[in-house]
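Worksheet: one structure, shown below.
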Amino acid sequence: MSTDNITESLNEGAKLNFIFQDIEKDLIEGKNEGKVLTRFPPEPNGYLHIGHAKSLCLNFGIAKHFNAACNLRFDDTNPTKEEVEYVDSIEQDVKWLGFDWNGEPRYASDYFQQLYDWAVKLINDGKAYVDDQSAEEIAKQKGTPNEPGINSTYRKRSIEENLDLFERMKKGEFKEGEKILRAKIDMASSNMHMRDPIMYRIIHKQHHRSGDSWCIYPMYDYAHGQSDFIEGITHSICTLEFEVHRPLYNWFLDQILEGESQPKVRTRQIEFARLNLNYTVMSKRKLLELVQKNIVLGWDDPRMPTISGLRRRGYTPESIRMFADKVGVAKRDNVIDVSLLEFCIREDLNKKSVRVNAVLDPVKLIITNYPEGKTEMMETVNNPEDETAGNRLIPFEREVYIERDDFMENPPKKFFRLGPDLEVRLKSAYIVKCTDFKVDDDGLVIEIYCTYDPGTKSGMAQSDRKVKGTLHWVAANHCVEAEVRLYDRLFMDAEPDGYKEVDFKDFLNPDSLKITTCKIEPWTIQSKPLTTFQFQRIGYFCVDKDSTSEKPVFNKTVGLKDNWTKKTN
RNA sequence: UGUCCCGUUGUGUAAUGGUAGCACAGAAGAUUUUGGUUCUUUAAGUCAGGGUUCGAAUCCUUGCGGGACAACCA
């Protein structure tokens, strides 16, 4: 470990949450031979979203802090929901966020044989049995949180019969739903998960990895703890809803280890509160619905809270990691304000992105005392926050476009922009004074006339004359048109709970995507996809070259903080 | 009318028996070739009652409030 790495991990130690402290305690007590190994265990049934990023940063952050590793494991125990496409996207997103998992990706499906052998052991120990009842009958017997359940009649089945039936389940002799394997625990337990939970069910469907090798598949509760155990995971971090599963997690491990020598590493489950973001739906089921019903353009639609959506929208890995860091980790339910996410991306992009002139709603400004046909190259700084970004030259000429709302016929007192007889600086160019303007029949301003002061060219000795405002502009004959996609929030309601049972279409924002055009400096369109620019005073926009559009496309990442509109509203 | 978990400014998150701090959001001001950025200042909090203690956000207790759990999902 280099000195830098040590310093870095010490710095991270400054913001230890309760999970770090728990792990530290384990280390002090000498558990797991002083080892730490975490894992990130997504089910490949959808794309990763911002909520997963929190878990990712936590698990990989813990690994980094303790100079340990983190496994990537696909929890693929249900072939009806899982696809290779999701596996691929998850690997890509984890990499993009900047995390390196330990060795090759793991799959719960790789452990099917071991899991089966352990199930046989449980049957032999009289701790598991085959139940012939239907899902409905079993649900009825299970009771409710307030009433105890009752024992299944099949609970007394002999070990020999159970062994035989379970093997025949595996061989495919039964139809789906005909038989299941259950653990024999306690139907009267106050914890519903301990009321003879299902270990295996029959699913006659091809698995994306194991193919047709299996037609019985382990349930989450039977697979997860053992997968952790097989990999030697020391700390199995998951979200709060699994808290009531913990006794079962430990019960299965106790049973498979009974009669064996005590393991050196005994995995432990620790829960934390999942991330909630206002105006944002995080349920994979709902996101899948948005994709399947073509309400959005795909999993990577820039309005989606998926990692790939955020990426396409111009979010950087750094900004997402910063966000995960700032939201913290605790056990209480939380709803994070999206303004924090937006702060994080502005914070990062402000340092990185080149400022360019782009005009979304152009109106022509004619400099009447500037020679026709003349073009002057003006030097402008690429990024005032980053000296190494350098300068570039932009063409200036007699006719330029400025933003329509940068001109007001009757400007209020604190309007720092252009109006009749008012003076402003054209960024990186001259100070101009408005002499006249032309309106069309509807009263819409179509042309603004100005004179320029030749002594005020940007960078010249006398150029430091003070004017109220500075405007962005593009040369009318030296600009190109680009498509601009303005993304607003996909959802209007601030309460994530509202989406639970209600048809979430009621909360969809019909104005979440507006497509318009802009006038922009030509060189920007040569930029690679995912390059993000700051359009002066408008916001951050990410290059998204789209084959369906003839023009280059810019996705709006996030707006700038705008005190002017706030004050006037 | 069960079991488990959780209650700290508007929103998050620290303080682990010893000065209630930080960030976002808000407000005010300064700087600014973009009203952005940067900098300064500022308001606002321990769910309630009781107990232990020299001292409680922290420990105990009783309430109150919120959440999770009744998929052959994970």
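Computed over heavy atoms, backbone and side chain alike; hydrogens, waters and symmetry mates excluded. Quick note on labels: first sequence line is chain A, next is B, and so on, each numbered from 1.
Using modelled atom types and a 3.5 Å distance limit, the side chains of A:Q269 and A:Y249 yield no donor-acceptor pair. Looking at A:Y129 and A:D196, their side chains do bring a donor and an acceptor atom within 3.5 Å of each other. In the model, A:Q133 has a side-chain atom that pairs as donor or acceptor with a side-chain atom of A:Q141 under 3.5 Å. In the model, A:N383 has no side-chain atom that pairs as donor or acceptor with a side-chain atom of A:E385 under 3.5 Å.
At whole-Å resolution of the value, CG in A:D348 and P in B:rU37 are 14 Å apart. The CE-C1' distance, from A:M408 to B:rG35, rounds to 14 Å in whole Å. With rounding to whole Å, A:K352 atom NZ is found 18 Å from B:rG36 atom C1'. The separation between A:N563 atom CG and B:rA25 atom P is 11 Å, rounded to whole Å. Computed from coordinates, the A:N382 CG to B:rU33 P distance equals 19 Å when rounded to whole Å. The CZ atom of A:F18 sits 11 Å away from the C1' atom of B:rC5 (whole-angstrom rounding). Protein atom CG of A:D333 is 9 Å distant from nucleotide atom C1' of B:rC5, rounded to whole Å. Note: CD (A:E241) to P (B:rC73) measures 17 Å, nearest angstrom.
The side chain of A:K466 contributes an N or O atom lying less than 4.0 Å from OP1 or OP2 of B:rU32. Phosphate proximity of B:rC73 to A:T80: absent, as no side-chain N or O sits under 4.0 Å from OP1 or OP2. Proximity of A:K142 to the phosphate of B:rA71: no side-chain N or O atom is located under 4.0 Å from OP1 or OP2. Here A:R182 does not reach the OP1 or OP2 of B:rC72: none of its side-chain N or O atoms lies under 4.0 Å away. Listed pair A:R201 / B:rA74 meets the phosphate criterion, a side-chain N or O lying under 4.0 Å from OP1 or OP2. Close to B:rU38, at under 4.0 Å from its OP1 or OP2, lies no side-chain N or O of A:K561.
Relative to the side chain of A:D75, the nucleotides B:rG35, B:rA74, B:rC72 differ in distance, and B:rA74 lies closest. Nearest nucleotide to the side chain of A:S190, out of B:rG12, B:rA23, B:rG2: B:rG2. Proximity note for A:F343 (side chain, C-beta onward) versus B:rG12, B:rG35, B:rC24: the nearest is B:rC24. Listed nucleotides B:rC73, B:rU38, B:rG7 differ in distance to A:R332; the shortest reach to its side chain belongs to B:rG7. The side chain of A:N78 lies closest to B:rC73 when the candidates are B:rG2, B:rC73, B:rG35. Candidate nucleotides B:rU13, B:rG2, B:rC72 were compared by shortest atom distance to the side chain of A:A330, and B:rU13 ranks first. Of the listed nucleotides (B:rA71, B:rG12, B:rG2), B:rA71 has the atom at the smallest distance from the side chain of A:M219. With distances taken from any side-chain atom of A:N146 to the nucleotides B:rG2, B:rU37, B:rG12, the minimum falls on B:rG2. When each of B:rA68, B:rG36, B:rU11 is scored by its nearest atom to the side-chain atoms of A:V244, the top-ranked nucleotide is B:rA68. Comparing B:rA70, B:rC73, B:rG12 by their nearest atom to the side chain of A:T144 picks out B:rA70.
In terms of modelled atom types and a separation under 3.5 Å, the side chain of A:K179 and the main chain of A:V130 share no donor-acceptor contact. A donor-acceptor pair under 3.5 Å is absent between the side-chain atoms of A:K331 and the main chain of A:F272, judged by distance alone.
Under the Watson-Crick or G-U wobble criterion, with both distances below 3.5 Å, B:rA15 is left unpaired in every strand shown. Across all strands shown, B:rC69 forms a Watson-Crick or G-U wobble pair, both distances under 3.5 Å, with B:rG2. Applying the Watson-Crick and G-U wobble criteria (two distances, each under 3.5 Å), B:rG63 pairs with B:rC47. Pairing for B:rC24 is with B:rG10, a Watson-Crick or G-U wobble pair whose two hydrogen-bonding atom distances lie under 3.5 Å. For B:rG35, there is no paired nucleotide, since no Watson-Crick or G-U wobble pair has both relevant distances below 3.5 Å.
For the pair A:K170 and A:Y116, the cation-pi criterion (under 6.0 Å, within 45° of the ring axis) is fulfilled.
For B:rU33, the base has a donor-acceptor partner in the side chain of A:S458 [N/O atoms by modelled type, under 3.5 angstrom]. With hydrogens and angles left out, the side chain of A:H245 and the base of B:rA74 share a donor-acceptor pair within 3.5 Å.
When the C1' atom is used for both B:rU13 and B:rU31, the distance is 32 Å, rounded to whole Å. Look at the C1' atom in both B:rA23 and B:rC5: the space between them is 26 Å, to the nearest Å. Comparing the same atom, P, in B:rU32 and in B:rG26 gives a spacing of 24 Å after rounding to whole Å. Nucleotides B:rU41 and B:rU46 have their C1' atoms positioned 26 Å apart, rounded to a whole Å. Taking the P atom of each, B:rG10 and B:rC47 are spaced 12 Å apart, rounded to whole Å. When the P atom is compared between B:rG66 and B:rU8, the two are found 14 Å apart, to the nearest whole Å. Atom C1' of B:rA57 sits at a distance of 11 Å from the matching atom of B:rG17, rounded to the whole Å. Nucleotides B:rU16 and B:rU58, compared at atom C1', are 7 Å apart to the nearest Å.
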Intermediate values then yes/no, ring pair (Phe, Tyr, Trp, His ring centres under 6.0 Å), A:F323 and A:F343
CA-CA 9 Å; A:F323 175 71; A:F343 165 80; over 10 Å; no
Run the ring pair (Phe, Tyr, Trp, His ring centres under 6.0 Å) check on A:Y217 and A:Y200 step by step: do they pass?
CA-CA 5 Å; A:Y217 290 91; A:Y200 273 92; 8.7 Å; no
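When heavy atoms are screened at a 4.0 angstrom cut-off, A:K284 is found touching no nucleic acid atom at all. A:S339 comes within contact range of the sugar-phosphate backbone alone, with a heavy-atom separation under 4.0 Å but no base atom that close. Within the 4.0 angstrom heavy-atom criterion, base atoms lie near A:Q21. Note on A:V467: nothing from the nucleic acid sits closer than 4.0 angstrom, heavy atoms only. The residue A:R417 sits close to a base: some heavy atom pair falls under 4.0 Å. In this structure, A:F242 reaches the bases: a heavy-atom distance under 4.0 Å links it to at least one base atom across the strands shown.
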